[in-house]
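Scroll down for the structure; my scribbles are underneath it.
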Amino acid sequence: MRKLYFDQFEFDSSSSEESLEIHVALKQLQPQKQFDDLQSFAHASAGESASVNLGKLVPYQDLAGFSSIREYLKRFANINVPDPCDWQMVVLNEDDLYWDGILDSPDYFIRYQWSSTA
């Protein structure tokens, strides 16, 4: 699993006080895959509580506070989100200044955790 972290100085305006953490795991690794399912990825990425209390998978939505998941995945992790997108996602936690969720794409499990203190 790759873990990427970006602080406020990586964004267009450091005064936005944004931060972003992205965890990415390939679904198929040779000779074996790292995670058997979304729950095992959630456990490794977000902890036992998140994996036990996973919500329902819903269709992908391009929302996360002030940011665009699509834009930031391309910019910071070089992951293209197709348009239209048939991925599924589960929201772990969200409010106006925080979004934490897991995206289930055909090739990857992706945890996307964005926040701002502005």
Side-chain angles (χ1 to χ4, degrees):
M1 174 176 17
R2 290 180 290 154
K3 295 181 179 183
L4 308 167
Y5 178 77
F6 305 93
D7 65 15
Q8 70 212 46
F9 299 104
E10 300 286 334
F11 295 87
D12 296 332
S13 171
S14 61
S15 65
S16 71
E17 300 177 10
E18 289 181 80
S19 67
L20 178 63
E21 191 166 342
I22 301 171
H23 300 177
V24 180
L26 285 167
K27 286 186 168 182
Q28 300 298 326
L29 293 178
Q30 299 299 325
Q32 68 186 59
K33 57 186 174 180
Q34 187 175 9
F35 301 104
D36 289 328
D37 54 26
L38 186 76
Q39 188 170 14
S40 62
F41 173 76
H43 186 271
S45 177
E48 183 178 359
S49 177
S51 68
V52 170
N53 299 310
L54 272 180
K56 181 178 161 184
L57 281 169
V58 297
Y60 170 85
Q61 299 168 24
D62 197 28
L63 302 171
F66 302 139
S67 70
S68 164
I69 294 172
R70 181 185 309 273
E71 174 189 343
Y72 282 1
L73 282 177
K74 176 61 178 163
R75 179 176 172 184
F76 293 112
N78 200 29
I79 295 173
N80 290 312
V81 178
D83 188 13
C85 184
D86 62 354
W87 297 3
Q88 296 288 301
M89 63 187 240
V90 61
V91 177
L92 301 175
N93 195 354
E94 71 177 320
D95 66 28
D96 291 342
L97 298 175
Y98 184 81
W99 195 92
D100 187 6
I102 297 176
L103 309 174
D104 187 4
S105 84
D107 299 318
Y108 305 102
F109 293 119
I110 305 164
R111 179 167 176 224
Y112 184 98
Q113 185 178 7
W114 173 91
S115 65
S116 175
T117 58

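This structure is a prediction, so every number in the text was calculated from the model and none was measured.
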Only one of Leu103, Leu26, Leu73 passes side chain to side chain contact (heavy atoms under 4.5 Å, CB included) with Tyr108, and that residue is Leu26
Find out if a path of hydrophobic residues (ILVMFWY) with successive side-chain heavy-atom gaps under 4.5 Å connects Phe76 to Tyr60.
-> yes
Does Lys27 count as lying over the ring of Phe109, i.e. NZ or CZ under 6.0 Å from the six-ring centre, within 45 degrees of the axis?
-> yes
Side chain to side chain contact (heavy atoms under 4.5 Å, CB included) between Tyr112 and Asp100: does it pass, once the steps are laid out?
-> CA-CA 6 Å; Tyr112 184 98; Asp100 187 6; over 6 Å; no
List the steps and the verdict of side chain to side chain contact (heavy atoms under 4.5 Å, CB included) for Tyr72 and Ile22.
-> CA-CA 10 Å; Tyr72 282 1; Ile22 301 171; 5.7 Å; no
Please assess Met1 against Phe41 for the test side chain to side chain contact (heavy atoms under 4.5 Å, CB included), listing each intermediate value before the final yes or no.
-> CA-CA 9 Å; Met1 174 176 17; Phe41 173 76; 3.7 Å; yes
Interatomic distance, Gln8 atom CD to Ser116 atom OG [nearest 0.5 angstrom] | 9.5 Å
Within-4.5 Å side-chain heavy-atom neighbours: Phe11 and Glu17 | no
Does any N or O in the side chain of Gln39 come within less than 3.5 Å of the main-chain N or O of Ser51, such that one atom is a donor and the other an acceptor?
-> yes
At what distance, to the nearest 0.5 angstrom, does CD of Gln113 lie from NE2 of His23?
-> 7.0 Å
Any link between Trp99 and Tyr5 through a network of hydrophobic side chains (Ile, Leu, Val, Met, Phe, Trp, Tyr) touching at under 4.5 Å?
-> no
Among the clusters formed by ILVMFWY side chains lying less than 4.5 Å apart, do Ile110 and Leu20 turn up in the same one?
-> yes
Shared hydrophobic cluster, Val24 / Ile69 (ILVMFWY, side-chain heavy atoms < 4.5 Å) = yes
Contact check, side chains of His43 and Glu48, non-hydrogen atoms, under 4.5 Å = yes
Could you tell me the separation between the CD atom of Gln34 and the OG atom of Ser40, rounded to the nearest 0.5 Å?
-> 9.0 Å
Could you pull out all residues at least two apart from Arg75 that satisfy salt bridge (charged side-chain N to carboxylate O under 4.0 Å, His left out)?
-> Asp12
Which pairs of donor and acceptor atoms, one on a side chain in residues 79-93, lie under 3.5 Å apart (sequence neighbours left out)?
{"residue": "Asn80", "atom": "OD1", "partner": "Lys74", "partner atom": "NZ", "Å": "3.4"}

Can you list the steps and then say if Trp114 with Phe6 is a side chain to side chain contact (heavy atoms under 4.5 Å, CB included)?
-> CA-CA 10 Å; Trp114 173 91; Phe6 305 93; over 6 Å; no
